[in-house]
Number of protein chains: 2
Amino acid sequence: MRHKEGNKEKDIIEAAIKCFAKKGYHHSKIIDIAKIANVAVGSIYVYYNNKEDILIKIFNNLWERLYFKITNIEKNSRLTPVEKIDTMIEDIFDAFIENPNLAIVFVNEQQYLLKLSSTLSNNFHKKYLDVGEIFIKEGIQQNIFSSEINSNIFRIFILGAIRNLLRYWADTPVKISLAKIKENVTYLIRNGILKK
Amino acid sequence: MRHKEGNKEKDIIEAAIKCFAKKGYHHSKIIDIAKIANVAVGSIYVYYNNKEDILIKIFNNLWERLYFKITNIEKNSRLTPVEKIDTMIEDIFDAFIENPNLAIVFVNEQQYLLKLSSTLSNNFHKKYLDVGEIFIKEGIQQNIFSSEINSNIFRIFILGAIRNLLRYWADTPVKISLAKIKENVTYLIRNGILKK
DNA sequence: ATAAATTATGAATACTTATTCAAAAATAAT
DNA sequence: ATTATTTTTGAATAAGTATTCATAATTTAT
């Protein structure tokens, strides 16, 4: 049996991330992706059902990795709720440090994808959010977080804030360091803007 | 000279908002918009240069209105920096209360548009952000806000958070009231999650 | 009432682009 | 070396859809 030499499947998905980041999903043409990946147009359809399928797989990979990390945080009973949220935020930032293009695709196409991915069987994105909400509830139960906070609203609040910052950072990586952003986010979440 | 009876220009832009909200910009067809607006396909091209032009005008209208409001806040010297930010947040939420569809279009297409609108002459969006940043700097200068906060990061942080909450709210208006969301956002920005 | 000007129409056009598939190339098995 | 199997290819196909424009309808002016 013939054994594949290169890894076209991987080449294609990496090319797609580059292309989607640069032009956006809807403006990326299959032929663009093929050129970046150095394969023929037809080859893409050997490894993926269609264009949408590529995007779905990009996201599923990402959320699977993040879900793996958050379950590790959850298992670590020595961490306080504050530390859990800090670590969770750190993991999200870290996931994008190695791949700014992925960050851009994430912030731009995530919403479009939610409509499709909700039908997927292993929805790592949903699972991830559920664990995140548990952390907030723990903090409130343990009387560490203010009980005035609605955990659902907070979850959406914080993810939106991070997403927007990542987009900004990914677009202009020179202007400000991700470490600085991470620091500010952690501070703002803990203390808000008012001076103590 | 002939005088227009109805207002097709307005009908079209309102139909476009509905359609973009429901299907997304890229999946909305000109013929869809024409049907909703009760006009012929050709009429759309009488009032707008092309499909993109409609989207650009939707956003320009929105940011123009918000810019008008924020300049009024700026002029009101009796307000403290905290009150200014509170009012600013309130205005953003209010702008979408009357038109949930506009909120959906805003959160979904804003990013795609930034690439185009940056070339526009009256960029109300940019002007708006600049005034917002002034409020933060005032607060830090007057020693009311923590000086650990980077005003640029905060601006992006807070707008991202609001955008994400609006999207959530617009998608599921029954689950949670906008008033409740607004309340939580104000609280979080002031105090963070930690109990005092 | 007629002409002039304006506004509205939608079938036809032109263009883009995702997807297919028959054939070729590359590799493995005999 | 020959055959079988797998992988790759890209021109051709198919489908969709933004935009145009000649014509019609409507309103205003004379």
Side-chain angles (χ1 to χ4, degrees), chain A residues 1-60 105 108-109 112-113 115-117 119-120, chain B residues 1-60 105 108-109 112-113 115-117 119-120:
Chain A
M1 219 226 292
R2 187 181 171 189
H3 170 72
K4 277 187 296 185
E5 272 315 316
N7 192 337
K8 286 204 167 38
E9 191 172 353
K10 202 179 161 209
D11 291 348
I12 291 165
I13 212 161
E14 280 171 1
I17 291 172
K18 269 188 206 162
C19 198
F20 293 166
K22 193 173 174 188
K23 305 185 173 190
Y25 173 77
H26 287 287
H27 288 115
S28 294
K29 291 148 207 161
I30 291 291
I31 199 172
D32 296 334
I33 299 169
K35 274 177 189 159
I36 298 171
N38 249 310
V39 299
V41 167
S43 300
I44 291 180
Y45 288 88
V46 173
Y47 296 97
Y48 299 93
N49 297 326
N50 49 46
K51 190 178 162 186
E52 204 169 88
D53 188 37
I54 305 174
L55 188 63
I56 289 173
K57 276 169 183 158
I58 289 172
F59 275 78
N60 219 39
V105 179
N108 288 332
E109 317 298 345
Y112 165 68
L113 217 92
K115 290 164 192 167
L116 314 170
S117 69
T119 57
L120 291 179
Chain B
M1 219 227 290
R2 186 183 170 189
H3 170 73
K4 277 187 296 185
E5 272 315 317
N7 192 338
K8 287 206 167 37
E9 192 173 353
K10 203 179 160 211
D11 291 348
I12 290 165
I13 211 160
E14 280 171 0
I17 291 172
K18 268 188 208 163
C19 198
F20 292 166
K22 193 174 174 189
K23 304 184 174 192
Y25 173 76
H26 287 285
H27 289 113
S28 293
K29 290 149 207 161
I30 292 291
I31 200 172
D32 296 334
I33 299 169
K35 273 178 189 161
I36 297 171
N38 249 310
V39 299
V41 167
S43 300
I44 291 181
Y45 288 87
V46 173
Y47 295 97
Y48 299 93
N49 296 327
N50 49 46
K51 189 178 161 186
E52 203 169 271
D53 189 37
I54 305 173
L55 189 62
I56 289 174
K57 276 168 183 157
I58 289 172
F59 275 77
N60 220 38
V105 179
N108 288 331
E109 316 298 344
Y112 165 67
L113 218 91
K115 289 165 193 169
L116 314 168
S117 70
T119 58
L120 290 179

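In what follows, chains are A, B, ... by sequence order, proteins preceding strands, each numbered from 1.
- Checked by atom type and distance alone, the side chain of A/E109 pairs as donor or acceptor with a backbone atom of A/Y25 at under 3.5 Å.
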Look for any protein N or O under 3.5 Å of an N or O in nucleotides 16-18 of chain C and output each such pair with its distance, or none.
from: C/dT17; atom 1: OP2; to: A/K29; atom 2: NZ; distance (Å): 3.3
from: C/dA18; atom 1: OP1; to: A/K51; atom 2: NZ; distance (Å): 3.4
from: C/dA18; atom 1: OP2; to: A/I30; atom 2: N; distance (Å): 2.9

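- Taking atom NZ on B/K23 and atom P on D/dT17, their separation rounds to 9 Å, with Å as the unit.
- For the pair A/I12 and A/I36, the minimum side-chain heavy-atom distance is 4.5 Å or more.
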Protein and nucleotides 10-15 of chain C: nitrogen or oxygen contacts under 3.5 angstrom:
from: C/dG10; atom 1: N7; to: B/G42; atom 2: N; distance (Å): 3.1

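- Not a single donor-acceptor pair under 3.5 Å links the side chain of A/Y48 to the backbone N or O of A/L55.
- D/dT17 atom P lies 11 Å from atom NZ of B/K35, rounded to whole Å.
- Remark: the backbone N or O of B/C19 is paired with a side-chain donor or acceptor of B/S28 at under 3.5 angstrom.
- Here the C1' atom of nucleotide D/dT8 and the CD atom of A/E9 are 15 Å apart, to the nearest Å.
- Counting to the nearest Å, the P atom of D/dT19 and the CD1 atom of B/I33 are 10 Å from each other.
- Here A/N50 pairs with nothing under the side-chain hydrogen bond (donor to acceptor under 3.5 Å, both in side chains) rule; sequence neighbours left out.
- The backbone N or O of B/A37 lies less than 3.5 Å from no partner atom in the side chain of B/K8, so there is not a single donor-acceptor pair.
- Here the P atom of nucleotide D/dG10 and the CG atom of A/N38 are 11 Å apart, to the nearest Å.
- When rounded to the nearest whole Å, the span between OH of A/Y47 and P of C/dT19 equals 18 Å.
- Going from atom CG of B/D11 over to atom P of C/dT7 covers 15 Å, rounded to whole Å.
- Residues B/D32 and B/H27 share a closest heavy-atom pair of OD2-O, 4.2 Å.
- Exactly one of A/I13, A/V39, A/I17, A/I44 qualifies for a side chain to side chain contact (heavy atoms under 4.5 Å, CB included) with A/I33. That residue is A/I44.
- Atom-to-atom, CG of A/N49 to C1' of C/dT20 comes out at 14 Å; the value is rounded to the nearest Å.
- Minimum heavy-atom separation, A/V105 to A/F59: O-CZ, 3.7 Å.
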